[in-house]
Amino acid sequence: MSEIDTALAEVRARIAAKCRTVGRDPAGVTLIAVSKTHGPERISPALAAGQRHFGENRIQEAAGKWPEIRSKTSDLCLHLIGPLQTNKVAEAVGLFDVIHTLDRARLAEKLAEEMARQSRRLSCFIQINTGREPQKAGIDPTEADEFIAAARETWKLDVAGLMCIPPVNEQAAVHFAFLREIAKRNDLTQLSMGMSEDFETAIAFGATHIRVGSAIFGARA
Ligand SMILES: *Cc1c(COP(=O)(O)O)cnc(C)c1O
């Protein structure tokens with residue numbers, strides 16, 4: 001087995017163990033392997049091990065490696081987990097299957113327009129800035145309910161759920177619990193939360209999509 005196979009198997013085992021502990025079905029947790037900065041030679045052992053959900057944070061980088069892999073791989077699901085500029089929306093809609101970073105009205109409008117134009121319906125997670133950090137993307141929690149309603153009713157987007165990136169120096173659990181509460185009162189069942197350092201905590205708080213990079217692919221350069 002390659003290093004990546006082994007690491008992936010370990011992450012899967014940790015997911016299963018955590019699910020057992022908290023009484024959840026592991027099938028309810030989608031592992032997104034975050035392959036940003038890693039080339040096809042590091043992605044291919046993960047594909048060989050059956051991994052089909054991958055996450056990327058830059059459009060240009062994803063455009064450079066995924067179309068070729070996709071042409072040779074069935075059931076691939078590509079998740080955009082990084083910020084999306086409105087001038088890259090057309091490219092993103094063509095390239096990705098799920099958007100985790102819907103974070104403003106202008107982007108919602110553009111996504112709706114572009115999905116209609118390309119006849120592609122991507123599911124979207126709305127990013128919530130749970131820590132209200134000025135430098136971080138995401139909808140302010142006090143505006144979340146209103147934005148979720150608009151995403152559904154005004155822009156008619158397929159809103160799957162909510163996503164957050166907790167502040168680095170705070171307890172992630174508090175933010176996961178907060179995100180879950182916002183989702184619950186808006187009848188949203190999917191939660192994109194948890195990374196290499198805290199995916200087990202995220203699972204305990206109901207994560208349905210965990211975004212794991214370094215625990216699978218090793219440290220990024
Ligand atoms: C890079 C990244 C991840 C993965 O981070 P690791 O700590 O390597 O698991 C998850 N989510 C987002 C939004 C990222 O940019």
Side-chain angles (χ1 to χ4, degrees), residues 22 24 28-32 34 53 55-57 59 77-86 88-89 92-93 96-116 120-195 197-212:
V22 300
R24 291 189 57 193
V29 179
T30 299
L31 170 61
I32 301 170
V34 177
H53 290 266
E56 291 283 344
N57 69 335
I59 311 290
C77 190
L78 204 55
H79 300 255
L80 177 65
I81 62 166
L84 179 53
Q85 265 135 35
T86 41
K88 300 272 174 67
V89 166
V93 167
F96 288 91
D97 303 292
V98 183
I99 308 283
H100 289 245
T101 47
L102 173 53
D103 63 357
R104 56 200 193 278
R106 180 89 187 101
L107 180 58
E109 188 186 331
K110 269 280 180 192
L111 277 168
E113 214 177 276
E114 196 54 40
M115 287 187 210
R120 277 176 59 76
R121 195 161 165 75
L122 282 64
S123 62
C124 300
F125 286 81
I126 294 170
Q127 182 174 355
I128 308 291
N129 187 357
T130 57
R132 307 189 75 178
E133 295 173 279
Q135 82 288 5
K136 197 167 272 177
I139 299 290
D140 190 281
T142 60
E143 289 158 19
D145 297 353
E146 196 186 345
F147 187 83
I148 293 163
R152 286 166 155 164
E153 289 149 30
T154 308
W155 298 298
K156 313 252 186 290
L157 293 169
D158 175 9
V159 182
L162 304 181
M163 178 271 211
C164 76
I165 308 172
V168 277
N169 292 320
E170 288 180 32
Q171 286 226 335
V174 174
H175 295 271
F176 296 157
F178 188 29
L179 194 71
R180 178 174 65 180
E181 181 191 305
I182 300 170
K184 186 161 182 239
R185 67 169 184 248
N186 285 284
D187 289 315
L188 289 168
T189 53
Q190 317 245 47
L191 294 168
S192 168
M193 59 190 196
M195 327 205 301
E197 290 303 314
D198 54 21
F199 68 83
E200 282 144 320
T201 306
I203 289 170
F205 283 90
T208 59
H209 292 70
I210 57 174
R211 312 176 307 264
V212 179

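One-based numbering along the sequence shown.
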Steps toward side-chain hydrogen bond (donor to acceptor under 3.5 Å, both in side chains) verdict (Asp103, Thr101)
CA-CA 6 Å; Asp103 63 357; Thr101 47; over 6 Å; no

Please assess His79 against Glu56 for the test side-chain hydrogen bond (donor to acceptor under 3.5 Å, both in side chains), listing each intermediate value before the final yes or no.
CA-CA 6 Å; His79 300 255; Glu56 291 283 344; over 6 Å; no

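Every residue two or more places apart in sequence or in another chain was checked for a salt bridge (Lys or Arg N to Asp or Glu O under 4.0 Å) with Glu197, and none qualifies. Remark: Glu143 pairs with no residue by the salt bridge (Lys or Arg N to Asp or Glu O under 4.0 Å) rule, at least two apart or across chains.
The pair Glu109-Arg106 counts as a salt bridge, with a side-chain nitrogen and a carboxylate oxygen less than 4.0 angstrom apart. Here Arg120 pairs with Asp97 in a salt bridge; the nearest charged N to carboxylate O distance falls below 4.0 Å.
Taking CG from Leu179 and CZ from Phe125, the interatomic distance works out to 10.0 Å, rounded to the nearest 0.5 Å.
Here the side chains of Phe96 and Ile59 are in contact, with some heavy-atom distance below 4.5 Å.
In plain terms, the two heavy atoms of Met115 and Cys124 that are nearest each other are CE-SG, 3.8 Å. Heavy-atom minimum distance, Gly206 versus Leu191: O-CD1, 3.6 Å. Closest heavy-atom contact between Val89 and Lys110: CG1-O, 3.8 Å. Closest approach of Pro141 and Ile182 over heavy atoms only: CB-CD1, 4.3 Å. Between Thr86 and Arg104, the closest heavy-atom pair is N-NH2, 3.6 Å. The minimum heavy-atom distance linking Val212 with Met195 is given by the pair CG2-C, 4.4 Å.
By the neighbour-count criterion of 12 heavy atoms within 6.0 Å, atom CD of Gln171 is sparsely surrounded, having that number or fewer from other residues, nucleotides or ligands.
Checked against Asp145 for a salt bridge (charged side-chain N to carboxylate O under 4.0 Å, His left out), the options Arg152, Arg185, Lys184 give a single hit: Arg185.
Relative ring orientation between His100 and His209 is described as perpendicular, the plane-to-plane angle rising above 60° on a 0-90° scale split at 30° and 60°.
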